[in-house]
S.K.: 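One structure, as structure tokens, below. Some questions next.
These numbers come from a predicted model, not from an experiment. All heavy atoms count here, side chains included; hydrogens, waters and symmetry mates do not.
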2 protein chains.
Amino acid sequence: MTRIKKKHHLVAAVEAELLKQVRVHGRISRVELSRKLQIVPSTAGIYVDRLLRDGFLAESRRMERGAGRPPKLLELNAGGGRFVGVDFEARNLMATAVDFSEKPLRQVHEVIRAADSVEQILGKIERAIAGVMAGDPRPVLGIGVGVPGLVDPQHGVAVHYEFIKGWRDVPLGARLNKIFHVPVFLENNIRCMTLAELWLGAGRGLRDFVCLGVRSGIAAGVMANGHLLRGCHNRAGEIGHWRCPSPGDARLEQTASALAILAAAQRAIGSGRKTSLPKSKGELTFDDIVQAVQAGDALARSLIEDAARVHGWAVGELVALFDPQKIIFAGPLAELGEAFLAPVRKAAAVDGVEITASTLGRYNGALGAAALALHQWRPQR
Amino acid sequence: MTRIKKKHHLVAAVEAELLKQVRVHGRISRVELSRKLQIVPSTAGIYVDRLLRDGFLAESRRMERGAGRPPKLLELNAGGGRFVGVDFEARNLMATAVDFSEKPLRQVHEVIRAADSVEQILGKIERAIAGVMAGDPRPVLGIGVGVPGLVDPQHGVAVHYEFIKGWRDVPLGARLNKIFHVPVFLENNIRCMTLAELWLGAGRGLRDFVCLGVRSGIAAGVMANGHLLRGCHNRAGEIGHWRCPSPGDARLEQTASALAILAAAQRAIGSGRKTSLPKSKGELTFDDIVQAVQAGDALARSLIEDAARVHGWAVGELVALFDPQKIIFAGPLAELGEAFLAPVRKAAAVDGVEITASTLGRYNGALGAAALALHQWRPQR
DNA sequence: CTGATATATTTTGATTTCAAATTAAACCCA
DNA sequence: TGGGTTTAATTTGAAATCAAAATATATCAG
């Protein structure tokens, strides 16, 4: 490893933090920045002047109100760079891009089939990134990828994922870097979703919350005291293997994931239960269930309530262990809103904790991955 | 809040960290210290010179080996200060003291009865501290207290504990400070036990481990990425309320705590099962059970194995969630060693995680509390 | 209009920390 | 014995940051 010169390194970190505060707070004065960064105003002034000179910040028109000398407000002038984010799991692949103020720019969706080979999936990743990049002149400064299963972010390797055959030690970081020639950051996808909530979703400003990602599988992303938990092998949050109480001690994932609900729906349809759900076998998607619930279908509602009870149990256990401020559900179940959350709250029976759904939609993970790349970026000169 | 001057504050923090490294590593050179603290050797030299001049460090005789100029090794010369630690819960109160190198100095034990009033318990705490302090001329520089239930370490208040009647908003920190005139630090007792493991027990050098405290209740202390989890209301780790799978969905604490095992033993004795356990009702203690297990008593063994199965389940869930390097059991159950750990390991069915028992004994929590006070201490001048 | 007050920013000099060069104190080997 | 090597510690000058004082630019009260 090359020796990092500490002072330069620290200066770059302070610059990045300063730009982050400008991004989060919009227009902001030097004094306000000095307070946020816990540095003295004169030092903040030195940093701002340098970032101003090098074109990363701009002075906006002053807004005058109240007593005292009006501040010279600062805003981002990041020269139109973009960051691309990808997120995929067993069934779907989503890609998006954000600009320097974390505004989403474009969205691309690809379907992954169970029969796809590793090489085909890599092709879809690359096609999605190219699709997001096309037709926008602003340079791409980084790519973030939310990877399912076990990931090694340090070495940019996707280690293992049980739902894709042959997915083992895929050098995804190196491969994408070779194609697109920008820094590539890998992270487990539930952690990308958690970061999306932290930076632009329901977790903004919170130091303790849990993001429960319910899609093909179930996993938890935990922010504890302002830090994202990874565990000693990057394996933290794998609660899909938790044993549920009561019927048969099944795994949480086998009982209450989107795939499990789909399977239960197909079994119920097969056994002839009355429902508005389409009966053509094998083509049922989770969107059908969402629509049926919203249309008031009794079977769909009862399936969701069964799953919600199980999730309520999991929420209760997580709250007891972490004492978070908030639990945020992400994934297709979250789109059901109160129809899902109300029975979860009832089963969890915890108070002092807000239980909500993500408002970021299905591009949640991709947004988090893009924002991750943005947050890793440092001003270059 | 008084304005803290940042530079002085940082200098004090570096001094404390430097002294900590000397404590952990014994004799150590300036260069080695500069590496551990990630500072440049010249800066380390400045700090060492100041601490040497003010009498907190001393130069030891040089140990010569290998090539190069031999280092001038440094050691602690902390003037014989001591730190007192107390730890109590529903039944027992333990107190101890440590010197600057964290060596335990003396131990005091008091029994708490269910009928004790809050005032009586406070009296026992004060008597235990006085007992530890007596007959040693070295000054006490701080007191740490491991408090059961909900604690507010910031304000030194013991907020609530369900197993002591009337235990609510007890201003323990202020009270002890008034009596003993030294800084007092409060912390939840499972977290004290976890810190004891981190600093002087089975968790030394680890960044991710869980300490499972099984006594009157059950709670988990979690070190994640080198940080101790507290949660947003200091309530993290309360897994005593987790619902166990299988029989009746009982709470973990009601199934597998030391008190629960005692109750189960009494029920079994009452129903006439053959055992070497004493039959006089009400006087059974957990030590009796430990001895019976070691003597090969079948009932005692089966009770422990039942509890171990439940703990194994909890370990499995914790490992899935945190991905730790180690699980450390603390409390009287841990004293059983392999008789307890083997069935736990079998039920947990996890690999890549070490499951061990604390080697610090029953003064674990008191040691952690004392070490906490030591770690909070800063050189005064 | 004028001075008092308030808040933001900049200037000035001291302190801390770094980076790099230098010196110190041992061993090794001819 | 005496230079070469190695590692530790110190010296030196520069960069980063702080603390406090000075300056800038507004509002407000009379």
S.K.: Using a 3.5 Å distance criterion without hydrogens, assess whether the side chain of B:D323 forms a donor-acceptor pair with backbone atoms of A:C232.
M.R.: yes
S.K.: Would you kindly give the CD1-to-P distance between B:I46 and C:dA19, to the nearest whole Å?
M.R.: 14 Å
S.K.: Please report, rounded to the nearest Å, how far the C1' atom of D:dA16 is from the NZ atom of B:K6.
M.R.: 11 Å
S.K.: I'd like to know if A:K7 reaches the base of D:dA15 with its side chain such that a donor and an acceptor end up less than 3.5 angstrom apart.
M.R.: yes
S.K.: Looking only at the side chains, is there a donor atom on one of A:E75 and A:H25 sitting less than 3.5 Å from an acceptor on the other?
M.R.: no
S.K.: How many Å lie between CG on B:L18 and C1' on C:dT17, as a whole number?
M.R.: 15 Å
S.K.: Can you tell me whether the side chain of A:S42 and the base of D:dA19 have a donor-acceptor pair closer than 3.5 Å?
M.R.: yes
S.K.: NE2 of B:H9 versus C1' of D:dA19: gap in Å, rounded?
M.R.: 17 Å
S.K.: Given atom OH of B:Y47 and atom P of D:dT10, what is their separation to the nearest angstrom?
M.R.: 16 Å
S.K.: Can you tell me how far C1' of C:dT9 sits from CG of A:L33, to the nearest Å?
M.R.: 13 Å
S.K.: How long is the line joining CD of A:E32 and P of C:dT7, in whole Å?
M.R.: 13 Å
S.K.: Check residues 171-179 of chain B and write down every donor-acceptor pair under 3.5 Å in which the side-chain atom is one partner and the other belongs to a residue at least two apart or another chain.
M.R.:
| residue | atom | partner | partner atom | Å |
| --- | --- | --- | --- | --- |
| B:R175 | NE | B:E126 | OE2 | 2.7 |
| B:R175 | NH1 | B:E119 | OE1 | 3.4 |
| B:R175 | NH1 | B:E119 | OE2 | 3.2 |
| B:R175 | NH2 | B:E119 | OE2 | 2.7 |
| B:R175 | NH2 | B:E126 | OE2 | 3.2 |
| B:N177 | ND2 | B:V182 | O | 2.9 |

S.K.: For A:V31 and A:H8, take the nucleotide of DNA chain C holding the closest heavy atom to each; which residue's nucleotide lies nearer the 5' end?
M.R.: A:V31
S.K.: Report the C-alpha separation of B:H375 and B:E17 in whole Å, then their side-chain angles, then the decisive distance to 0.1 Å, and conclude whether the side-chain hydrogen bond (donor to acceptor under 3.5 Å, both in side chains) test is met.
M.R.: CA-CA 9 Å; B:H375 281 254; B:E17 181 62 23; over 6 Å; no
S.K.: Taking CG from B:L52 and C1' from D:dT10, how many angstroms apart are they, rounded to a whole number?
M.R.: 15 Å
S.K.: Of A:I39 and B:P41, whose nearest nucleotide on DNA chain D comes first from the 5' end?
M.R.: B:P41
S.K.: Which pairs, protein N/O on one side and nucleotides 28-30 of chain C N/O on the other, fall under 3.5 Å?
M.R.:
none

S.K.: So, taking the atom named CZ in B:R82 and the one named CG in B:L141, what distance separates them when rounded to the nearest 0.5 Å?
M.R.: 9.0 Å
S.K.: With respect to the side chain of B:V11, which nucleotide from C:dT9, C:dT17, D:dC18 is positioned closest?
M.R.: C:dT17
S.K.: So how far is it from B:L198 CG to B:L228 CG, rounded to the nearest 0.5 Å?
M.R.: 8.5 Å
S.K.: Nearest to the side chain of B:P70, which nucleotide is it out of C:dT9, C:dA25, D:dC18?
M.R.: C:dA25
S.K.: Can you name the residues that form a ring pair (Phe, Tyr, Trp, His ring centres under 6.0 Å) with A:H227, not counting sequence neighbours?
M.R.: B:H227
S.K.: Tell me if the side-chain of A:T43 makes a donor-acceptor pair with the base of D:dA16, cut-off 3.5 Å, by modelled atom types.
M.R.: no
S.K.: Between D:dA8, D:dT17, C:dT9, which nucleotide has the shortest distance from any of its atoms to the side chain of B:P71?
M.R.: D:dA8
S.K.: Starting the side chain at C-beta, find the nucleotide from D:dA24, C:dT10, C:dA25 nearest to A:R69.
M.R.: D:dA24
